[in-house]
Structure formats: structure tokens, C-alpha cells
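Hydrogens, waters and symmetry mates are skipped; everything else that's a heavy atom, side chains included, is used.
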Amino acid sequence: EETEDARNRRRLRELAKEAEALAGGQDRKLQRATELVRDLVRDGFRPIVFCRFIATADYVAAHLRDRLGKDVEVAPVTGALPPEEREARVLALAQHERRVLVATDCLSEGINLQDHFDAVLHYDLSWNPTRHEQREGRVDRYGQTRKVVRTITFYGSDNPIDGIVLDVLVRKSRTIRRHLGVSVPVPEDPESVMEAIFEGLLLREQAGVNAQQLLPGFEEFFRPKREDLHRRWELAAEREKRSRTMFAQESLKPEEVQRELEEVRAAIGSAADVERLLTTALPRLGATVTAVDSTLAIDLTGVSRALRDVLGADGTIRARLDQPRTEDEVHLTRTHPLVEALAQYVLDTALDPQGDAIASRCGVIRTDAVGQRTTLLLLRYRFDVTTRTRGGEPHVQLAEDAGVLAFEGAPDDPTWLPPERAEALLEAEPVANVPPEQAREFIRRVVEGLDHLTPRLEEAARSRAGQIREAHDRVRRAARATGARTTVEPKLPVDVLGAYVLLPPRRGSA
């Protein structure tokens, strides 16, 4: 007679043979997943197939490699690989135009994949719905060049486990997100999640027969488990809702901070300012910049080795000021390291009297933008910004700001221009050269007359300090924040970084 252990081993061997017989061509789930992945690749997507187990990922990758053809590269990345090798395998796969990554959840966090992939297929449903968003967040994030990222939640309509995961977890998660606007993780209690899954599995109706009738007593045992899970989940959602109300970010009214937004945008510069810096500074430093279909081709071959090291770039760069359309294009924003390094280099060399600068602290031009002699002063303001809270120590920060003032006439009798007029004169274009001797004389008069200009410069610094304090107060009121007070004090004297004299064209000159 067979012992119970022998019977169990025999039954397990039979199950193993049945499972092996289903592999490959008989695996309906795998066959359908292959069709979905093939469709994604045909439509130009580079998908990631997320699996729950390492063995599943290796199995799916091997099958896809056989079925998708030699022109599609397929690679698995799982927790069996050390972190460095995972990243290296992803980068190697990214070298292929048509590619598919099969991964476990070891890649659902940490490595950014938006540069190389743009679709996600959930081959296995996770019992934690937050994991689904983490998977999709690897590709659907800032830097993704596709306007549409495709995601597929893959499940078996006749698979009890898949159906219950959808009913108990995934759909509940989406309902909370739809009502609240943010995701709330499932309560971290694997046992209660497991019990909720079993409750749904054992009590769902199949073939028109209520499982409760076949399994009396199970409903009374499992239903409270599911209800308790959902109750704690909803409590977590309520806490998140109260937290969002407390911190009140969604209560900020855009019109109340619009002025601050506009001032920040004006201060930090736009894409047009970045383009002007690149197309004017780089050619004077030896680079070749060519615009082709909204793409800048920047050839740094003629730039000095020292400057290439500063820029952290070499050779030819294909760049765009808006979102790149292809992987070989660089998105040059104002915060890109190359743009920041170039701006800092131009400023540093202009301030260094021994350097070979392409920008000057002083200059004189003739331009039809003015009708009489006009002087532009580029200023740097510095402020002590002190925040005091009830019962707390004052917090002091040093802030810097730049500004432009302009006046007509001589420094000892200036007629000051409105700020918007001064800003507009920064765009003035020269129409004629000024002899060096005359230029030096005009600049000498400005430098020697700075004492006459100091009261106006200090008045501008105090005015700017008041504007900064008012901006702090407006934002604090808009955020309904109380209990803090900010003072802003200018540090005098004001630094004059540059002086530029604009002369009208000579009579009869073109």
C-alpha cells in the first residue's frame, strides 16, 4: 500500500508532467501575450513585459525570442542579476532599434527606463496594486519622448486568481485614485491581502453554482477579512485626503500666485533665451551651430579642449529646445549641464580682467534704438531674507538678484527710464562702430560718475527688497500659512557688473 507521502509525491510528479506539457505552444496565456507584444512592436513601441517570478520571466523571454524573429532583440532582467549587471543589460538592449525587455519587479523601482522603452505589459498581476503604478512609472515619466505610452493589464477571463486580484485589489485601487486624485497603497499586511483573495476565490459563482452552497461556513469566515481590508484601505484614503487638505496645495488659487510665476519665468529665462545663448556664444568660442528642422547641430570640434572639458561634451551634438523626437537628440533646457556650464563660463571670463572673454563688462555702440545717449547698468542685488516663526530662531538666507537700470544723459544729471524700457534696450542692435578712444571716454565718464548714481541704485535695491517681501506674503496668504514673518534687507552698496553706453546713429549714417 502507498503511504500518504508516496501518494503526494506521485501526484506532484503528475502535476509537473501536466505543466510541462502545457509549456510553449499549449500555453494559451503565453500565446496571447506573444500576439500582444508582436502588435506593440509592429506599432513602433519598445515594450517591457513585467512578470512576478524569475522563472516566469526567463520562460517568457525565451519564448518571445523564438517567436518574434531575429530582427527583434529580447532580453530578460531579473533579481538573479546583480544591480550593475541589470543596468548594463538594459543599456545593451537599448542599442537595438526593435527591442523587448522582460523583467521582474526588481526593475519596477530605481532604474529610469523612459529613454529606452515606451510600453508596459503586466504579464502577471501583482497583489499590490501600487506595484502596477511603479511598473508603469518606469516609462511614463518626465523625459519620455512619446506623446502616448501604452500599458496593457493582461489577465485570464477564466482564471479565478486573476479575476479576484482585479476585483479585490486593482479595481478598488483605481476607484480610490479616481475619487481622491492620488494613489493610496494597499495596507501593508500580506496575510489580510491573502485572505481577501481566498475569500473572493472561494465565494465567486462559477458555472451558475454559488460556491457558498458547496463550501458552507467559508463566507462567514472570509467575508469579514475582505471587508476589514477594504475598511483599512478606505481609512488610509481618508487620512491622505485630510493630509492634502491640511497642506492645501490643491487649494492654491493660480490667479493669486500668477504674478510670482510670471516673475520667476522672466528671471530664469525661456527657451528663446537658451537658443540665443547657444547660437551667439558657441560660434564665438569656435563651435559651429547649424539649425536643421528645429534641431540644432552643434559641432564642438573647433572649441578648445579646456572648454570642452568645462562643457562636458565633445564632437557633434544634436539638440532640441523642446522635447526630443529621437534618442540621439539632447534636450537643452536652461538647467541642462551644458547650458549652465556655458553661461557660467561666459560670466566668469567676462569678470576676469586677464581672461580672453567673448562678453564684456563695458561697451559702447551706436544704435537706432535710442535718440540720445543712453546708459544701461547691469546690477547685482544681494539681500538678507530673514524668516521668523513664533517661538523659533530666525532663519537667515542670502539671496541674489540681477536687474537693469537705464538713464539718458550724463551721470551727474540722469533721466531715469522706466524698467520696461530698460529691459527692451537689452535687445538693441549696433548699426555702426565707435572708435576705441571715444568708447573709453564714454565709459570713463560713467565710472567716474557712479557716486552721482548711487542714491538711485540704493533706492532700486530697497524697492526690490520690498517686492520680494510682498511676494513672500502673497504666497503665504495664498497657502493660508500663518505664524511666520519675513523681512528682506538689501546689502549695500549695489554691485555694478556692467555699464553699456548706447549712442544714436550719426546724422547721415546708414
Legend entry - Student check: side-chain heavy atoms of Arg138 and Arg141 closer than 4.5 Å: yes
Legend entry - Steps toward salt bridge (charged side-chain N to carboxylate O under 4.0 Å, His left out) verdict (Arg67, Glu35): CA-CA 10 Å; Arg67 292 291 193 266; Glu35 295 173 7; over 6 Å; no
Inset, instruction - May I ask you to decide if Val41's main-chain N or O and Arg46's side chain share a donor-acceptor pair within less than 3.5 Å? - result: no
Name each donor-acceptor pair under 3.5 Å that joins a side chain in residues 72-83 to protein atoms two or more places apart or in another chain, with its distance.
residue	atom	partner	partner atom	Å
Thr78	OG1	Ala80	N	3.2

Inset, instruction - Spell out, as yes or no, whether a donor-acceptor pair under 3.5 Å connects the side chain of Arg284 to the backbone of Ile358. - result: yes
Legend entry - Side-chain heavy-atom pair Tyr345, Leu285 within 4.5 angstrom cut-off: yes
Legend entry - Side-chain touch Leu91/His116, heavy atoms, less than 4.5 angstrom: yes
Legend entry - Electrostatic pair Glu14:Arg11 at N-O distance under 4.0 angstrom: yes
Inset, instruction - Mind checking the CG-CD1 spacing from Leu121 to Ile152? Nearest 0.5 Å is all I need. - result: 5.0 Å
Inset, instruction - Apply side-chain contact (heavy atoms from CB on, under 4.5 Å) to Arg388 and Thr486, showing your working. - result: CA-CA 6 Å; Arg388 293 179 173 84; Thr486 299; over 6 Å; no
Legend entry - Ion pair Arg52/Asp124, N-O distance below 4.0 Å: no
Inset, instruction - Output the distance between atom CG (Asp27) and atom NE2 (His63), rounded to the nearest 0.5 Å. - result: 7.5 Å
Legend entry - Sidechain N-carboxylate O distance under 4.0 Å for Asp118, Arg150: no
Inset, instruction - Search all heavy atoms of Gln144 against all heavy atoms of Gln114 and return the closest pair with its distance. - result: NE2-O, 3.2 Å
Inset, instruction - Answer whether the closest heavy-atom distance between the side chains of Arg334 and Asp273 falls below 4.5 Å. - result: no
Legend entry - Residue pair Ile298 / Leu332, side-chain heavy-atom distance below 4.5 Å: yes
Legend entry - CG on Leu101 to CZ on Arg86, rounded to 0.5 Å: 12.0 Å
Inset, instruction - Could you tell me whether Arg99 sits above the aromatic face of Phe117, with NZ or CZ closer than 6.0 angstrom to the six-membered ring centre and within 45 degrees of the axis? - result: yes
Legend entry - Chi angles and distances behind the side-chain contact (heavy atoms from CB on, under 4.5 Å) call for Thr145, Asp115: CA-CA 8 Å; Thr145 58; Asp115 292 332; over 6 Å; no
Inset, instruction - Kindly compute the distance separating CG (Leu296) from CD1 (Ile317), expressed to the nearest 0.5 Å. - result: 10.5 Å
Legend entry - Residue pair Thr295 / Arg320, side-chain donor-acceptor N/O under 3.5 Å: yes
Inset, instruction - Flag the pair Val102 / Cys51 as yes when at least one side-chain heavy-atom distance between them is below 4.5 Å, and no otherwise. - result: yes
Inset, instruction - For residues Arg38 and Leu68, determine if any side-chain heavy atom of one lies less than 4.5 Å from a side-chain heavy atom of the other. - result: yes
Inset, instruction - Fit a plane to each ring of Tyr123 and Phe154, take the angle between them on a 0 to 90° scale, and name the class: parallel (under 30°), tilted (30 to 60°) or perpendicular (over 60°). - result: tilted
Inset, instruction - Report, as yes or no, whether the 6.0 Å neighbourhood of atom CD on Glu18 holds more than 12 heavy atoms from other residues, nucleotides or ligands. - result: yes
Legend entry - salt_bridge(Lys17, Glu20) N-O dist < 4.0 Å: no
Legend entry - Ile48 vs Val139 side-chain heavy atoms within contact, under 4.5 Å: yes
Legend entry - For the student: nearest non-hydrogen atoms of Phe45 and Val148, plus distance: CE2-O, 3.7 Å
Legend entry - Closest non-hydrogen atom pair, Glu136 against His122: OE2-NE2, 2.9 Å
Inset, instruction - Step through the shown structure and confirm whether more than 12 heavy atoms of other residues, nucleotides or ligands are within 6.0 Å of CZ on Arg89. - result: yes
Inset, instruction - Identify the heavy atoms of Ala350 and Ala359 that sit nearest to each other, and give their distance. - result: CB-O, 3.5 Å
Legend entry - Spacing of Leu338 atom CG and Leu300 atom CG [to the nearest 0.5 Å]: 7.0 Å
Legend entry - Pair Asp473 + Arg485, salt bridge at N-O below 4.0 Å: no
Legend entry - Derivation and outcome, salt bridge (charged side-chain N to carboxylate O under 4.0 Å, His left out), residues Arg382 and Asp401: CA-CA 6 Å; Arg382 295 186 177 188; Asp401 196 7; over 6 Å; no
Inset, instruction - Answer yes if the side chains of Arg28 and Gln31 hold a donor-acceptor pair under 3.5 Å, and no otherwise. - result: no
Inset, instruction - Identify the heavy atoms of Thr333 and Val339 that sit nearest to each other, and give their distance. - result: O-CG2, 3.2 Å
Inset, instruction - Output yes when Arg135 and Asp105 qualify as a salt bridge under the 4.0 Å nitrogen-oxygen rule, no when they do not. - result: yes
Legend entry - Non-hydrogen atoms of Arg98 and Asp71 that approach each other most closely: NE-OD2, 3.1 Å
Inset, instruction - Starting at OG1 of Thr279, measure out to CG of Leu282 and round the result to the nearest 0.5 Å. - result: 8.5 Å
Inset, instruction - Starting from the C-alpha separation in whole Å, work towards a yes-or-no answer on side-chain contact (heavy atoms from CB on, under 4.5 Å) for Val385 and Val396. - result: CA-CA 6 Å; Val385 181; Val396 182; over 6 Å; no
Inset, instruction - Apply side-chain contact (heavy atoms from CB on, under 4.5 Å) to the pair Arg380 and Glu400, showing each step before the final yes or no. - result: CA-CA 7 Å; Arg380 177 173 61 187; Glu400 292 187 350; 4.0 Å; yes
